[in-house]
Amino acid sequence: MKLDSKIPEGPIAEKWTNHKNHLKLVAPNNRPKIDIIVVGTGLAGASAAASLAEMGYNVKAFCFQDSPRRAHSIAAQGGINAAKNYQNDGDSTYRLFYDTIKGGDYRAREANVHRLAEVSSNIIDQCVAQGVPFARDYGGMLDNRSFGGTQVQRTFYAAGQTGQQLLLGAYSSLSRQIGQGTVEMFNRHEMLDLVKIDGKARGIIARNLVTGEIERHSAHAVIIASGGYGNVYFLSTNAMGSNVTAAWKVHKQGALFANPCFVQIHPTCIPVHGTNQAKLTLMSESLRNSGRIWVPKKKEDAAAIREGKLKPTQLTEEDRDYFLERKYPAFGNLVPRDVASRAAKEMCDAGHGIEANDTNEGVYLDFSTEILNKGKQAAFTQGDQNPTDEKAIALGKKWIEEKYGNLFTMYEKITDENPYETPMKIYPAVHYTMGGVWVDYNLQSTIPGCFVAGEANFSDHGANRLGASALMQGLADGYFVLPYTVSNYLADEIRTGKISTDAPEFAEAEKNVKDSISKFLNNNGSKTVDHFHKRLGNIIWNKVGMGRNEAGLKQAIVDVAQLKEEFYKDVYVPGSADEYNPELDKAQRVADLIDLGQLMAMDALQREESCGGHFREEYQDSEGETLRDDEKFSFVGAWEYKGDDITKSELHKEELKYEFIKIAARNYK
């Protein structure tokens, strides 16, 4: 199979404009003749469904939640990037493009990233028009803050709930179309297979999660916008329902799955507290604007803190190691996520961790310096040029509360510690997956008519995503890319007519889904789905996590294969198929995650280099930084499904060519 990325010719700043100018169109009077299915209602799915319906297409939208507004996009906190240069600090479309390529460690497709940077400003205008309440400065202009991997302020935000506000904006657009009848909304429905007719995506098989009914839905094009696969690790910052099933079913039907080993570990999560924990909580990266990350310099001080004999506030500045500021002076606490995460792991592995959990893993995120400095500034504006520390701290806490109040409240409710008084405890955790279904420049997979958007595709972030770029990509795909590229594909479908669900391909797909469900319900095993999910998570976290090596990856491939065999022999799924049965839903999702976990280990094993979030311990420089091999591994690794034995999957390579950016070693020092 030869991969054709369909990247347009010409200068990079003109590719998208010229490409749009030559795409085929569907006339307004023909659009009502065409049906589109959108799976997922997060930022990518909701914006795509609303945009395409507004254009006049008939859209069916599916989500497994009880409402589209519960999509996991709502959990994003910190902000959304756009190259508007409101701060007049040197930002530009090119700089956002460059930062994203560099942040992804030169493993992203150049043309897609430039398009993302180009349309970023339009996203902000769109959202403001929808009423998204972005933060504003004292003069009423939209405010910005910094995120990791940049030296400019380009992140627009709405307190610590940006994802929620953006999703509500997209949801309002979607709701308008639902109200007009152009979108038919299917809540509590999960896609369980893709239906192909004559090689083209022609519909899906979905299960009504409330009644258990298996349904056939046809369309002229299918858009998968179902999010990422971080829950392969069991513990992650993802919602517990987040899964890979929609993307994996597409993969099994012939869509290649690209770069599955590229997973992002986020540095600012609340540490694991106990063995019965079901998920982790993210503290927004925006906090790294104001917080300083440190651990005790002395191992004995770290041990005393873990034992409760010493409080962090009792340590003097001389006894604290602000390790990111020490190691990366140019970026300090705002280095990219993969760099910050590995540095934290390194300090904890060396015995400086401060959390009293099973692994002694945790570092501090301390706001005392910012509180004092901002308090002094506030006092100065009030005419007090020499305030007491008590007054400055009181005023500084008010400033922090205005900026991050809801995040501080959330942290205190979870940990029962006041972060205004005591430093936050944080540690890296699985957050985002840069890998996903392979798509070309038009966001179409290797299955004609099957498009993939947002985190479900692989296209924009390379080996590491910069903070505040997930929301940007989801809305860029849905609002500003798919309306053009899907229409280009559908221009040849005007005469196709209604696609019947009575076709034998639908009957066969439905039978396969029902057989799979029956197999789980009649298995008579002895162990729960969560038992196997936790074991999978332990394998993948320990061997395909922040640090990877050849022996561990080979063992992971074997371990997951053994787990898969045991899972199908001994999983117990109670209840029946014709009812609300969340254990059945989980069983099907975990089955797909097991296959994915094995492919992740295989992908990490073949990539004999370190880049971004993929850190092979054998490939690091003398200072412990990533050591890329651009001669051998400057490619997208796209895997073709070859049957139930995942080890038989075939690797295809899309060469990455950089014409407009000079490849260099990443340096944040």
Side-chain angles (χ1 to χ4, degrees), residues 1-10 12 14-25 36 38-39 44-45 48 52 97 100-101 104 107-119 194 196 199-201 220-226 246-247 250-251 253-260 262 434-462 473-474 476-493 634-641 650-660:
M1 180 185 294
K2 182 172 172 57
L3 294 176
D4 181 5
S5 59
K6 295 185 172 65
I7 298 172
E9 298 294 328
I12 197 161
E14 300 173 12
K15 285 182 187 291
W16 177 232
T17 300
N18 291 339
H19 188 60
K20 285 190 297 181
N21 289 341
H22 293 91
L23 290 175
K24 290 177 285 189
L25 302 174
I36 300 172
V38 179
V39 179
L52 292 163
F97 160 60
T100 304
I101 290 285
R107 291 294 177 263
R109 187 189 287 156
E110 196 179 51
N112 287 65
V113 176
H114 196 279
R115 175 175 63 189
L116 180 64
E118 282 180 67
V119 304
L194 179 79
K196 293 194 304 181
K200 294 182 178 181
H220 298 87
V222 176
I223 298 170
I224 305 298
S226 53
V250 167
H251 173 54
Q253 289 289 352
L256 303 193
F257 207 97
N259 297 339
F262 286 167
M434 286 78 64
V437 179
W438 184 91
V439 292
D440 61 21
Y441 188 72
N442 294 323
L443 303 187
Q444 186 171 221
S445 71
T446 44
I447 300 173
C450 179
F451 295 79
V452 187
E455 192 178 356
N457 74 31
F458 87 100
S459 67
D460 290 11
H461 306 296
Q473 186 210 346
D477 287 355
Y479 282 139
F480 299 108
V481 180
L482 287 174
Y484 292 95
T485 60
V486 172
S487 293
N488 176 69
Y489 172 79
L490 293 173
D492 295 328
E493 296 292 332
S634 188
F635 62 79
V636 175
W639 294 86
E640 182 181 359
Y641 183 78
E650 183 179 349
L651 177 64
H652 302 272
K653 300 177 182 180
E654 177 199 340
E655 184 183 356
L656 292 170
K657 298 178 181 178
Y658 292 97
E659 301 177 56
F660 303 95

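Hydrogens, waters and symmetry mates play no part in the numbers below; they use all other heavy atoms, side chains included.
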Work out which heavy atom in [X] is nearest to a heavy atom in [Y]; give both atom names and the distance.
| X | Y | answer |
| --- | --- | --- |
| Glu640 | His251 | C-CE1, 4.1 Å |
| Ala456 | Ser226 | CB-N, 3.9 Å |
| Gly462 | Ala108 | N-CB, 3.5 Å |
| Thr446 | Gly254 | OG1-O, 3.0 Å |
| Lys653 | Leu651 | CE-CD2, 3.9 Å |
| Ser459 | Val439 | CB-CG2, 3.9 Å |

To the closest 0.5 Å, what do you measure between [atom1] ([X]) and [atom2] ([Y])?
| X | Y | atom1 | atom2 | answer |
| --- | --- | --- | --- | --- |
| Asn488 | Leu482 | CG | CG | 12.0 Å |
| Trp438 | Phe458 | CH2 | CZ | 6.5 Å |
| Trp16 | His114 | CH2 | NE2 | 13.5 Å |
| His461 | Asn112 | NE2 | CG | 10.5 Å |
| Ile7 | Arg109 | CD1 | CZ | 5.0 Å |

Does the side chain of [Y] come within less than 4.5 Å of [X]'s, by heavy atoms?
| X | Y | value |
| --- | --- | --- |
| Ser634 | Glu655 | no |
| Leu256 | Val437 | no |
| Phe97 | Ile12 | yes |
| Lys20 | Asn18 | no |
| Ile223 | Val39 | no |
| Val636 | Asn259 | yes |
| Lys200 | Glu493 | yes |
| Cys450 | Gln253 | no |

- Task: Could you check Ile224 against Val222 for side chain to side chain contact (heavy atoms under 4.5 Å, CB included), going step by step and ending with a plain yes or no?
- Result: CA-CA 7 Å; Ile224 305 298; Val222 176; 3.9 Å; yes
- In sequence, state the C-alpha distance, the side-chain angles, and the governing distance for Leu443 and Asp477, and then conclude on side chain to side chain contact (heavy atoms under 4.5 Å, CB included). CA-CA 8 Å; Leu443 303 187; Asp477 287 355; 3.6 Å; yes
- Message: Are there over 12 heavy-atom neighbours, none belonging to Tyr484, within less than 6.0 Å of that residue's OH?
- Response: no
Flag, side chain of [X] to backbone of [Y], donor-acceptor distance under 3.5 Å:
| X | Y | result |
| --- | --- | --- |
| Glu110 | Phe660 | yes |
| Lys15 | Gly10 | yes |
| Asp440 | Asn442 | yes |
| Glu654 | Gly637 | no |

- Show your reasoning for whether side chain to side chain contact (heavy atoms under 4.5 Å, CB included) applies to Tyr489 and Gln444. CA-CA 9 Å; Tyr489 172 79; Gln444 186 171 221; 3.5 Å; yes
- By salt bridge (Lys or Arg N to Asp or Glu O under 4.0 Å), which residues pair with Lys24, not counting sequence neighbours? Asp492
- Item | Tyr441 six-ring centre to Lys6 NZ/CZ under 6.0 Å and within 45° of normal | no
- Message: Could you tell me if Asn457 and Gln473 have a donor-acceptor pair between their side chains, going purely by distance under 3.5 Å?
- Response: yes
- Task: Applying side chain to side chain contact (heavy atoms under 4.5 Å, CB included), run through Arg107 and Phe262 and close with a yes or a no.
- Result: CA-CA 10 Å; Arg107 291 294 177 263; Phe262 286 167; 4.1 Å; yes
- Would you mind telling me which of His19, Arg115, Glu14 makes a side-chain contact (heavy atoms from CB on, under 4.5 Å) with Pro8? His19
